[in-house]
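Just below is one structure, and these are the notes that go with it.
Reckoned from all heavy atoms, side chains included, excluding hydrogens, waters and symmetry mates. Along the sequence shown, the residues carry numbers beginning at 1.
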Amino acid sequence: MKTIAVLSRKGGAGKTTLAVSLGVAAQQAGLKAVVADIDPLRSAAVVLGGRRDAGSILVETSARKLKAVRDACHRNRCDLLILDTPPSPANDVVKAVEISDLCLVVSRPSALDLAAIEETVQLVRRHHRDGLIVLNQCPSARNGVEAGVTRRALQALEFGRLPVATTKIRSRLSYQQAAIERMGVTEFAPGSEAAVDLQRLLVEAGELTSRGPARKDHPALSERAAASNAQGGMEDTWGSSTLGLVTASSALSWEFA
C-alpha cells in the first residue's frame, strides 16, 4: 500500500479538489483507494460523504489517529491512502508527512502562492520524503505554449529542492461542477481534458512511488516503466492499473503537457 499526503499551507490552492478526484480516479483504475480527511473543515467529507460508496472511500479522522488509519487500510489490503491535510496546525501536517510515501505540494502558479510553499517544501525535505510540486489552476496552453504565469512559475521552481510534476492541472470549471455532484472529475466528465490531467497525475505519482523509470515526455505511456514495475515484485498494482486506465482513455491522441 502507498500513502500520499496532499499538502498546501495556503487556502484556495485546490488541495481538497485534487485529493478527492485522485481518490476517485484511483478507484476507477481498479485500485482500492481511501481518502482520509484530517482537515477540521471536512471539505473532502462534504464531497464524498453523500456518496453510496462513502463507507469504502472516505475516512473522517484526525492527525493523531493517522497511523492507526494507515495500519487499518493496510490490513484491509488497500492499494492507496490519500491524506487530505489541513493548512494548519503545523504538527498535524508533520504527522501526515511522516507516514507518507509521497507528498504532493499543491500550488497555483502565482508568485505569492509559490512563496507560500517554501515552508512545506522544507518540511518534506526535512523528513526525507519523496515529493512533487503540483501546479494547479494553470491557464490552458495555447498552441502548445504555456501562459506567461505558468512559464514564470516553472522558471522559479527549476532549481528548487523538489521536482515539479510534469502534469499541470488546468483551471477548469468541471472540477467545481464535479464537487457539487459529489463526484471526481473523472466521473463527472470522463474523457475530458480535466479527467485526463487527473489520470496523468495519478500515473506520475504511481511511477514515482513505485520507483520505476519514467519517461519525462510521456510518463503515462512508458512501457518500460510498466514492465519494470511488473518485474519488481511490488506489493501493489498501482503502476499497471493506472497505466491501463490512461492507455484506455482518449489520452493517447493528445500530447502530454
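The list of salt bridge (Lys or Arg N to Asp or Glu O under 4.0 Å) pairs with a residue in residues 13-32, not counting sequence neighbours, reads K15-D39, K15-D84. Applying the salt bridge (Lys or Arg N to Asp or Glu O under 4.0 Å) test to pairs two or more places apart or on separate chains, those with a residue in residues 107-122 are R9-E119, K10-D113, R108-D113, E118-R161.
Under the 4.5 Å side-chain criterion, counting only non-hydrogen atoms from C-beta, L18 is in contact with L198. Contact annotation: the side chain of R70 approaches that of M1 to within less than 4.5 Å [non-hydrogen atoms, C-beta and beyond]. Within the 4.5 Å cutoff, no side-chain heavy atoms of L41 are placed close to those of T16.
Remark: the backbone N or O of A63 is not paired with any side-chain donor or acceptor of D92 at under 3.5 angstrom. The backbone N or O of I57 sits nowhere less than 3.5 Å from a side-chain atom of Q27 that would complete a donor-acceptor pair. Remark: the backbone N or O of G206 is paired with a side-chain donor or acceptor of T209 at under 3.5 angstrom. With D79 contributing its side chain and L31 its backbone, the two residues share no donor-acceptor pair below 3.5 Å. One N or O on the side chain of Q137 and one on the backbone of G12 form a donor-acceptor pair closer than 3.5 Å. Under the 3.5 Å distance criterion, the side-chain polar atoms of E146 are left unmatched by any main-chain donor or acceptor of R151.
The side-chain hydrogen bond (donor to acceptor under 3.5 Å, both in side chains) check on D53 picks up R51, with sequence neighbours excluded. In this structure, the side chain to side chain contact (heavy atoms under 4.5 Å, CB included) partners of L173, at least two apart in sequence or on a different chain, are Q176, Q177.
Between V185 and A194, the shortest heavy-atom distance links the atoms CG2-CB, 3.8 Å. Considering all non-hydrogen atoms of both residues, A165 and V134 come closest at CB-CG2, 4.3 Å. Of all heavy-atom pairs between G49 and A54, the closest is O-CB, 3.6 Å. Taking both residues in full, the closest heavy atoms of K2 and D101 are given as CA-OD2, 3.3 Å, listed atom of the first, atom of the second, then distance. The heavy-atom pair separating I38 from P86 by the smallest distance is CG1-CD, 3.5 Å. When all heavy atoms are compared, the tightest approach of D37 to S43 is OD2-N, 3.6 Å.
With salt bridges taken as basic N to acidic carboxylate O contacts below 4.0 Å, one links E193 and R172.
Atom CG of D197 is separated from atom CZ of R170 by 6.5 Å, given to the nearest 0.5 angstrom. Expressed to the nearest 0.5 Å, how far CG of L102 lies from CG of D130 amounts to 6.5 Å. Note: L104 CG to S8 OG = 11.5 Å, rounded to the nearest 0.5 Å. Put simply, OG1 on T17 and CG on L22 are 10.5 Å apart, with the number rounded to the nearest 0.5 Å. Interatomic distance, E98 CD to T3 OG1, rounded to the nearest 0.5 Å: 13.0 Å. For the atom pair CD (E204) and OG1 (T166), the distance works out to 4.0 Å, reported to the nearest 0.5 Å.
No continuous path of ILVMFWY side-chain contacts below 4.5 Å connects V149 to I169, so the two sit in separate hydrophobic clusters.
Other members of the hydrophobic cluster containing L162, listed by chain and number, are L7, V93, V94, V97, V105, L114, I117, V121, L123, V124, I133, L135, L154, L157, V164; membership follows side-chain contacts under 4.5 Å among ILVMFWY residues, whether direct or relayed. Hydrophobic cluster membership of M183, counting Ile, Leu, Val, Met, Phe, Trp and Tyr whose side-chain heavy atoms lie under 4.5 Å apart directly or via other members: F188.
Of the residues listed (L201, V196, L202), the one engaging Q199 in a side chain to side chain contact (heavy atoms under 4.5 Å, CB included) is V196, and it is the only one.
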